[in-house]
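Atom set for the values below is all heavy atoms of this structure, side chains included, hydrogens, waters and symmetry mates excluded. Atoms within a ligand are numbered from 1 in the order they appear, just like the ligands themselves.
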Amino acid sequence: MKPIQSIGYSIFFENSLDELRSFLSAKKYSKIFILVDTNTEQHCLPLLQQALNNSLSYDIIEIDPGEENKNIDFCIGIWKMLLDFEADRNSVLINLGGGVVTDMGSFAASTFKRGIDFIQVPTTLLSQVDASVGGKTGIDMDHIKNIIGSFTQPKAVFIEPGFLKTLDKRQMLSGFAEIIKHGLIYDKDLFSELKNLQPQQVSKEIIYRSIEIKNKVVKEDPYEKGFRKILNFGHTIGHAIESYSLKNDKKPLLHGEAIVIGFICEAYLSTKQNGLSEAEFTEIVHMLKNIYPAYPLNKSSYPALLEIMKSDKKNNAGMVNCSLLPKIGHCSIDNYCSEDDLCESLDYYTKNYKK
Ligand SMILES: NC(=O)c1ccc[n+]([C@@H]2O[C@H](COP(=O)([O-])OP(=O)(O)OC[C@H]3O[C@@H](n4cnc5c(N)ncnc54)[C@H](O)[C@@H]3O)[C@@H](O)[C@H]2O)c1
Ligand SMILES: [Zn+2]
């Protein structure tokens, strides 16, 4: 598998941790830092250390795991550690973890001393197929996801599917949702293949194809001026549900679990206003029902959900901007949905998405 070329950097797949060692040796960084959370420190760091093979010295920065820690306080913690370890402009930060580590680490690196290099070594399925590619860095604030951030590209991304062995089933399903999205918006064949696949056994080839799709889209529109918005399919409603769940549920939904609800609702809206056929709509719902459990969405949550959706700057005159599917494998951007239609789609989910 050839490395995929992205915006000024490569995404490596073959012997990727050896490639990382060669990359670091060639770059001659003054200092190397590895950002981990407590889980990736336990499960992933040993493999990385083995690959670095005592040939390079580095310092470890550790944070607590979880979306609730993707915030400015932990970011300050990372900046303080970089200062304590005397990081300079020629230092590099390696983000070894899931989307929380890759998003927050890249935000911290892109702002420290006006920006130091960073490298993504994603360790969850979701961060491999999605979060580590495309240059979106960020943290959450006041339960609003990714509200603070920048577009800054990494210097390289290294994909090692071996890391996924220690990931639990729920996390695998969460990442699988983004692969499904890539099929739904861009590649009908990929979507069809996923129907016959166990999410826990995603192959390196599927990861590669999924990243290829994301990469093609972000290369065409790095700053999300237009076309890149196709990646938002399922995310207008999905993000609102994720933020709501983060604030209200004892055991909040994972990102992928929330966007699956977004897929159902936005596919429903696609049949209503974008010409998605009933047959394809049923195909999508059927596939998702086979894999993802139902979430108890309550009508009492609708006002809060609408509030979150309406706060998005992409909206127009009270209408909410959604990316919708005219058919599987294609996505159209800038469709405006009314509150009534959004509520109708949520109703569809609550009434029909039962096992
Ligand atoms: N920047 C982007 O373009 C983009 C795209 C999609 C999602 N995201 C962001 O990604 C985040 C979600 O990422 P995520 O799902 O990877 O969550 P995560 O980073 O919270 O990781 C999930 C859990 O798995 C643990 N973990 C990580 N790797 C492991 C491994 N190999 N073995 C065992 N445990 C492991 C983590 O410690 C954590 O507890 C969200 O904050 C979302 O906003 C960003
Ligand atoms: Zn997503």
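The proximity of D103 to ligand 1, defined as any non-hydrogen pair under 4.0 Å, is limited to the side chain. With a 4.0 Å cut-off on non-hydrogen atoms, K165 does not touch ligand 1 at all. Counting heavy atoms closer than 4.0 Å to ligand 1, residue N146 contributes side-chain atoms (C-beta onward) but none from N, CA, C or O. Only the side chain of D37 comes within 4.0 Å of ligand 1, counting heavy atoms alone; its backbone N, CA, C and O stay farther away. Under 4.0 Å from ligand 1, heavy atoms of V100 appear from its side chain as well as its backbone. At a 4.0 Å heavy-atom cut-off, ligand 1 touches P65 through the side chain alone.
Near K145, the atoms of ligand 1 lying under 4.0 angstrom from a non-hydrogen atom of the residue are 40 (C), 41 (O), 42 (C), 43 (O). Heavy-atom contacts of F163 reach the following atoms of ligand 1: 30 (C), 31 (N) (cutoff under 4.0 Å). Taking every heavy atom of G98 and a limit of under 4.0 angstrom, the matching atoms of ligand 1 come to 16 (O), 19 (O). Counting the atoms of ligand 1 from 1 in the order shown, those under 4.0 Å from a heavy atom of T40 are 27 (C), 28 (N).
Between the side chain of Q128 and the main chain of P122, a donor-acceptor pair closer than 3.5 Å is present.
The nearest protein atom to atom 6 (C) of ligand 1, hydrogens excluded, is given as D130 OD2, 3.5 Å; this is a heavy-atom distance. Counting protein heavy atoms only, atom 17 (O) of ligand 1 is closest to G99 N, 4.0 Å. In this structure, atom 7 (C) of ligand 1 lies nearest to the protein heavy atom L126 CD2, 3.5 Å. Annotation: atom 28 (N) of ligand 1 to nearest protein heavy atom, T123 OG1, 2.8 Å. Atom 34 (N) of ligand 1 has as its closest protein heavy atom L167 CD1, 3.8 Å. Here the protein heavy atom with the shortest distance to atom 30 (C) of ligand 1 is T166 OG1, 3.5 Å. In terms of protein heavy-atom proximity, atom 38 (C) of ligand 1 is nearest to N39 ND2, 4.0 Å. Ranking the protein heavy atoms by distance from atom 16 (O) of ligand 1 puts T124 OG1, 2.6 Å first.
Around the Zn ion (ligand 2), the angle linking H235 (NE2) with H255 (NE2) is 110°, rounded to 10 degrees.
Closest to atom 2 (C) of ligand 1 by heavy atom, among G149, S127, A177, A131, is A131. For the residues K136, Q171, Q42, the heavy atom positioned nearest atom 23 (C) of ligand 1 is part of Q171. The option with the heavy atom closest to atom 40 (C) of ligand 1, from among H255, H43, E67, is E67.
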Open item on the list: Run the side chain to side chain contact (heavy atoms under 4.5 Å, CB included) test on L288 and I180 for me, step by step, so that the C-alpha distance in whole Å, both residues' side-chain angles and the decisive distance to 0.1 Å come before the verdict.
Closed with: CA-CA 9 Å; L288 296 172; I180 295 174; 3.9 Å; yes
Task: Stepwise salt bridge (Lys or Arg N to Asp or Glu O under 4.0 Å) test for K204 and E14 - done: CA-CA 10 Å; K204 194 164 162 182; E14 291 299 335; 3.5 Å; yes
Task: Trace of the side chain to side chain contact (heavy atoms under 4.5 Å, CB included) decision for T166 with N39 - done: CA-CA 10 Å; T166 51; N39 294 324; over 6 Å; no
- [ ] Any chance you could lay out the side chain to side chain contact (heavy atoms under 4.5 Å, CB included) test for I148 and I72, step after step, and finish with the verdict?
- [x] CA-CA 9 Å; I148 311 292; I72 193 69; over 6 Å; no
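Closest to the Zn ion (ligand 2) among the N, O or S atoms of E178 is OE2.
The one candidate from E280, H330, E193 that meets the side chain to side chain donor-acceptor pair (under 3.5 Å) condition with K188 is E280.
Checking S150 against T137 by side-chain atom types alone, a donor-acceptor pair falls below 3.5 Å. Under the 3.5 Å distance criterion, with hydrogens and angles disregarded, no donor-acceptor pair is assigned to the side chains of N352 and Y268. Side chains of N215 and S6: a donor on one and an acceptor on the other come within 3.5 Å. For the residue pair D189/S192, the side-chain donor-acceptor check at 3.5 Å is not satisfied. Side-chain polar atoms of N146 and K70 form a donor-acceptor pair below 3.5 angstrom. Inspection of the D340 and S338 side chains reveals no N or O donor paired with an N or O acceptor under 3.5 Å.
In plain terms, the two heavy atoms of I60 and F85 that are nearest each other are O-CE1, 4.0 Å.
The distance from the Zn ion (ligand 2) to the nearest N/O/S atom of D130 is not under 2.8 Å.
Electrostatic pairing of K216 and E220 does not count as a salt bridge here, judged by no charged N lying under 4.0 Å from a carboxylate O. Looking at K31 and D59, no side-chain N of the basic residue comes within less than 4.0 Å of a carboxylate O on the acidic one, giving no salt bridge. Salt-bridge formation is not detected for the pair E178/K214: no Lys NZ or Arg NE/NH1/NH2 atom is positioned less than 4.0 Å from an Asp or Glu carboxylate oxygen.
In this structure, C44 counts as a contact residue of ligand 1, since one of its heavy atoms falls inside 4.0 Å of the ligand. Using 4.0 Å as the threshold, K214 has a heavy atom nearer than that to some atom of ligand 1.
In terms of polar-atom proximity, defined here as any N/O pair under 3.5 Å, G97 makes no such contact with ligand 1.
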